[in-house]
Amino acid sequence: MLQEWKTAWGLMVEWHHETVESLKRGLVSIYDDTRIQAIITCATAIVERPRCATSRKDSDKETVKAPSVPDVPEVLQPALKAALCDKNTKVRMAAAICQYAMQSHNPLAQDIMHIALLKGNSVDSWVAAQCLALDGIATYPVISRIFHQLFNKKNKDTEDQACILLRYLNEKTTLIHNMLAVELNSRRWKDRILACRAFSQINGNVSLDMKRKLIQLMWDDWNNEVRQAAAQTLGQMSLGKEVHDTIRIKLGLGNPQKRVEALYLIGGLKLMTAKLLPSFLRCFSDDFIAVRQAACLAAGALQIRNKMVFECLMNLMHQDPYWKIKAFAIRALGQIGQASPQLTDLLLWAIHYEESPGVRLEACRSILALKLQGAHVRDTFLDVLLLEEHEAVLKEIYHAMKILNLENEGNQEMIQEIKNRIESLSQKDLLTQKIFTMEMAVRKVKDEAKHIYSQPKKGKEPLTLQTFIQETFQTFEAPQAESLVAKSSLISKHKKQRSVTACQRSTHHSGKKD
C-alpha cells in the first residue's frame with residue numbers, strides 16, 4: 001500500500017481524490033504500521049512534491065504562477081493532528097515529523113520532539129534535534145545532540161547537515177563556540193581536525209582566545225593534519241594574512257624546527273607569495289638536513305615552476321652530500337613536471353652512476369613521471385639493466401621501459417636477456433622445487449630403512465645430514481655456480497665503471513675550483 005501511495009502522489013502534482021481517500025483510510029486504520037505508513041507518505045509528499053509551477057507567456061513576457069497545491073488536503077489534517085495523541089509512540093513520532101514538514105509550529109509536536117530528544121533512541125533523538133534546531137531552539141540538549149552526531153558519525157553528509165544547523169543556531173547563542181573550543185583540546189586528533197573544519201563553516205565573531213588557540217594548533221600540535229586543518233580554518237575565517245605573516249617570520253628565524261614546520265605548512269596549504277619566496281629559496285642551502293628535506297617536499301607539493309627553485313633543486317640533486325636529500329630533490333623535480341635537456345642528462349647520470357640505490361630509484365621514477373624518451377634514455381636503461389645489482393632498482397627500470405614503450409626498440413636479444421634476469425629475481429619456483437626434491441629424498445631413505453636391511457660396510461663413515469643435502473641438491477650446484485660467476489663479473493665491471501666516473505667527476509670539480 002505504501003508503494004501505491006508514493007506512486008500516486010509522485011506522478012501527480014495535485015492530490016487525486018482516490019489517493020486522498022486511501023490515505024484517509026490508512027490514517028484511521030486499526031493497525032499501527034498502516035497508520036505510520038500513511039503519515040510518512042504525507043510527510044514525504046510535502047517535502048518532495050513540486051511546490052508550484054511557473055510559465056512564461058510569449059505575448060506579454062509575464063511570469064504566471066500556477067495555482068499552488070496545498071501541502072496536505074484539509075480532509076487529512078484532522079487525522080494527522082489526532083495522530084499526535086495516538087497511543088503508539090512511533091505513530092506520535094511520525095505525526096510530529098509530519099507537522100514539522102508542514103511547518104505548522106504545533107506545540108504538541110514540539111513537546112513530542114523534546115521527549116524523543118531526551119528519551120528516544122539514537123535515530124529519534126537525532127531527528128528531534130534537527131527539528132527543534134529548525135525551530136530555533138538553541139538549548140544545551142539540542143546542541144549537545146548535534147555535537148554528538150557530528151563527532152561520532154564521521155561522514156561528509158552528517159558533517160554538512162550538522163554544520164548547517166549549528167550555523168543557524170550560532171546566531172542565537174555563544175554556546176556553540178564554547179563547545180567547539182572544548183573539542184579543540186580533545187585528546188583525539190581526528191576530533192581536533194573536525195572541530196577546526198566546523199569553525200570554518202560556522203559564521204559569527206570568533207573571540208581572540210579562539211584565534212590564539214587555532215594559531216597554537218597550527219604551530220604546536222603534534223599531528224601534521226591538525227596543523228594544516230587549523231591553518232586552513234584561519235585562512236577561511238579571513239585571517240589568511242596573519243597565517244602568511246607568521247609563516248614568513250618563522251622561515252626567517254634561526255630555529256630550524258620552526259623553519260621545518262613553516263615549510264610543511266607551505267606545502268600543505270600550497271601557499272607561496274613573492275614575500276615568502278626569498279626565505280623559501282634560502283632553505284635549500286640550509287645547514288640542517290631536515291630543513292633542506294622539508295624544502296624539497298614543499299617544492300614538490302607546490303609544483304612551482306620557478307627558475308630559481310628549479311636551479312636549487314638541481315643543485316641539491318647533483319651536489320648535496322646526503323643521499324636522501326638528493327632523492328627528495330629528484331622526486332620534487334619529477335612532481336613539478338618541467339623537463340629540460342640539462343635535467344634529462346642529470347637524471348640519466350644519476351640512474352647510471354649514483355652510489356645509493358635510493359637515488360637511482362628516485363631518478364628512474366622521475367624519468368617515468370616526466371615521460372622522458374629517446375635513444376639516449378633507452379640506451380642508458382639497457383646499460384643499467386645489464387649492470388644493476390639492486391633488485392628494486394632493476395624492477396623499477398624495467399617497469400619504466402614498459403610504460404614508456406622502450407622495450408620494443410633496440411636490441412631484442414639484449415632485451416630478452418634482461419627479461420630473463422628480471423624473472424630470475426624471484427626464487428619462489430626454485431625454492432619450491434628444492435623443497436619437493438628434499439621431501440622425496442627423505443621419503444626414499446625412510447622407505448629403504450623400513451623395508452630393506454643392509455649391513456654397514458667396514459671403513460665407511462655414516463651419512464651425515466650435510467652430506468645427504470649436498471648429494472640431493474648436486475644437480476642445482478652447476479647452474480648456481482655459473483650464475484654467481486656471471487653476476488660477480490657484471491658487478492665488478494659496474495663498480496669499476498662507477499669508480500672511474502667518480503674519479504672523473506672529482507677531477508672535474510677540483511679543476512673548477514682551481
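Computed from a predicted structure; not experimentally measured.
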Query - Nearest-0.5 Å distance, OG1 of residue Thr233 to CG of residue Leu217 - result: 9.5 Å
Query raised in the report: Would you call Asp221-Arg192 a salt bridge at under 4.0 Å N-O?
Result: yes
Requested in this report: Please report the closest heavy-atom contact between Ala369 and Gly334, naming both atoms and the distance.
Outcome: CB-O, 3.9 Å
Query raised in the report: Given Asp286 and Arg259, is the salt bridge (Lys or Arg N to Asp or Glu O under 4.0 Å) satisfied, shown in steps?
Result: CA-CA 10 Å; Asp286 197 277; Arg259 292 201 295 277; 2.8 Å; yes
Report task. Please tell me if the side chains of Leu313 and Val309 come closer than 4.5 Å, counting only heavy atoms from C-beta onward. Result -> yes
Requested in this report: Taking Gln373 for its side chain and Leu404 for its backbone only, find out whether a donor-acceptor pair lies under 3.5 Å.
Outcome: yes
Query raised in the report: Would Val142 and Ile146 satisfy side chain to side chain contact (heavy atoms under 4.5 Å, CB included), going step by step from the backbone distance to the final call?
Result: CA-CA 6 Å; Val142 174; Ile146 297 174; 4.2 Å; yes
Query raised in the report: Do Asp124 and Leu117 have side chains that get closer than 4.5 Å, going by heavy atoms?
Result: no
Donor-acceptor pairs under 3.5 angstrom involving side-chain atoms of residues 125-134: please list them, not counting sequence neighbours.
unit_1: Ser125; atom_1: OG; unit_2: Asn121; atom_2: O; d: 3.0
unit_1: Ser125; atom_1: OG; unit_2: Ser122; atom_2: O; d: 3.0
unit_1: Ser125; atom_1: OG; unit_2: Arg145; atom_2: NE; d: 2.8
unit_1: Ser125; atom_1: OG; unit_2: Arg145; atom_2: NH2; d: 3.4
unit_1: Gln130; atom_1: OE1; unit_2: Gln161; atom_2: NE2; d: 3.0
unit_1: Gln130; atom_1: NE2; unit_2: Trp126; atom_2: O; d: 3.4

Query raised in the report: With a 4.5 Å heavy-atom cut-off, do Asn223 and Arg227 have their side chains touching?
Result: no
Requested in this report: Please confirm whether the backbone N or O of Thr34 pairs with a side-chain atom of Ser29, one donor and one acceptor, at under 3.5 Å?
Outcome: no
Requested in this report: Give a yes or no on whether a salt bridge exists between Lys213 and Asp209, defined as a side-chain N under 4.0 angstrom from a carboxylate O.
Outcome: no
Query raised in the report: Measuring from Ile247:CD1 to Leu263:CG, what's the distance to the nearest 0.5 Å?
Result: 9.5 Å
Query raised in the report: Quick one: do Asp245 and Lys241 make a salt bridge, cutoff under 4.0 Å?
Result: yes
Query raised in the report: Between Asn170 and Arg167, is any side-chain donor less than 3.5 angstrom from a side-chain acceptor?
Result: no
Requested in this report: Test Phe288 against Val260 for side chain to side chain contact (heavy atoms under 4.5 Å, CB included), laying out the working first.
Outcome: CA-CA 10 Å; Phe288 291 89; Val260 171; over 6 Å; no
Query raised in the report: Phe284 vs Phe280 aromatic rings, parallel, tilted or perpendicular, using cut-offs 30° and 60°?
Result: perpendicular
Report task. Determine whether Ile164 and Gln201 make a side-chain contact, defined as any pair of heavy atoms from C-beta on separated by less than 4.5 Å. Result -> no
Query raised in the report: Within the distance-only criterion (no hydrogens, no angle test), does the side chain of Arg35 pair as donor or acceptor with the backbone N or O of Val28 below 3.5 angstrom?
Result: no
Query raised in the report: Do Asn255 and Lys250 have side-chain atoms, one donor and one acceptor, less than 3.5 Å apart?
Result: no
**Report entry** Lys153 to Phe151 six-membered ring, cation-pi geometry met (6.0 Å, 45°)
**Finding:** no
Query raised in the report: What do you reckon, is NE2 of His148 surrounded by more than 12 foreign heavy atoms closer than 6.0 Å?
Result: no
Requested in this report: Search all heavy atoms of Cys283 against all heavy atoms of Leu251 and return the closest pair with its distance.
Outcome: SG-CD2, 3.9 Å
Query raised in the report: Mind checking whether Leu302 and Leu271 have side chains closer than 4.5 Å, heavy atoms only?
Result: no
Query raised in the report: Taking 4.0 angstrom as the limit, do Glu159 and Lys156 come out as a salt bridge?
Result: no
Query raised in the report: So with a 6.0 Å cut-off around CD of Glu311, is the heavy-atom count from everything else above 12?
Result: yes
Query raised in the report: What are the two closest heavy atoms between Cys296 and Ala332, and how far apart are they?
Result: O-CB, 3.4 Å
Report task. To the nearest 0.5 angstrom, please state how far the CD atom of Gln232 sits from the SG atom of Cys196. Result -> 9.5 Å
Query raised in the report: Is atom NZ of Lys258 surrounded by more than 12 heavy atoms (other residues, nucleotides or ligands) closer than 6.0 Å?
Result: yes
Query raised in the report: Nearest 0.5 Å, what's the CE-CD1 distance between Met210 and Ile215?
Result: 12.0 Å
Query raised in the report: Between atom CD1 of Ile397 and atom NZ of Lys395, what is the distance when rounded to the nearest 0.5 Å?
Result: 13.5 Å
Query raised in the report: Please walk me through it: do Tyr140 and Ile143 pass side chain to side chain contact (heavy atoms under 4.5 Å, CB included)?
Result: CA-CA 5 Å; Tyr140 176 77; Ile143 297 174; 5.8 Å; no
Report task. Hey, could you give me the CE/CD distance between Met113 and Gln99, rounded to the nearest 0.5 Å? Result -> 10.0 Å
**Report entry** Donor-acceptor pair, side chain of Arg305 and main chain of Gly337, under 3.5 angstrom
**Finding:** yes
Query raised in the report: Is there a side-chain contact between Met179 and Glu183 (heavy atoms, below 4.5 Å)?
Result: no
Query raised in the report: Can you check whether Leu234 reaches Glu242 side chain to side chain, under 4.5 Å on heavy atoms?
Result: no
Requested in this report: Compare every heavy atom of Ala101 with every heavy atom of Val47, then report the nearest pair and how far apart it is.
Outcome: CG2-CB, 4.1 Å
**Report entry** Shortest non-hydrogen contact from Asp287 toward Arg292
**Finding:** O-NH1, 3.5 Å
Query - Any side-chain heavy-atom pair of Leu169 and Ile137 under 4.5 Å - result: no
Query raised in the report: Considering all heavy atoms of both residues, which atom of Ala83 and which atom of Ala95 are nearest to each other, and what is their separation?
Result: CB-CB, 3.6 Å
Report task. Using distance alone, with no hydrogens and no angle criterion, decide if Asn106 and Tyr100 have a side-chain donor and acceptor under 3.5 Å apart. Result -> no
Report task. Check whether the side chains of Ser200 and Arg197 place a donor and an acceptor atom closer than 3.5 Å, and report yes or no. Result -> no
Query raised in the report: Within a radius of less than 6.0 Å around NZ of Lys154, do more than 12 heavy atoms belonging to other residues, nucleotides or ligands occur?
Result: yes
Query raised in the report: Parallel, tilted or perpendicular: which fits the ring planes of His177 and Phe199, with parallel below 30° and perpendicular above 60°?
Result: tilted
Requested in this report: Go through Leu316 and Lys326 one step at a time and tell me if the side chain to side chain contact (heavy atoms under 4.5 Å, CB included) criterion holds.
Outcome: CA-CA 6 Å; Leu316 287 179; Lys326 288 184 178 182; over 6 Å; no
Query raised in the report: Thinking salt bridges, do Glu388 and Arg360 make one under a 4.0 Å N-O criterion?
Result: yes
Query raised in the report: For the side chain of Asp191 and the backbone of Arg187, is there at least one donor-acceptor N/O pair under 3.5 Å apart?
Result: no
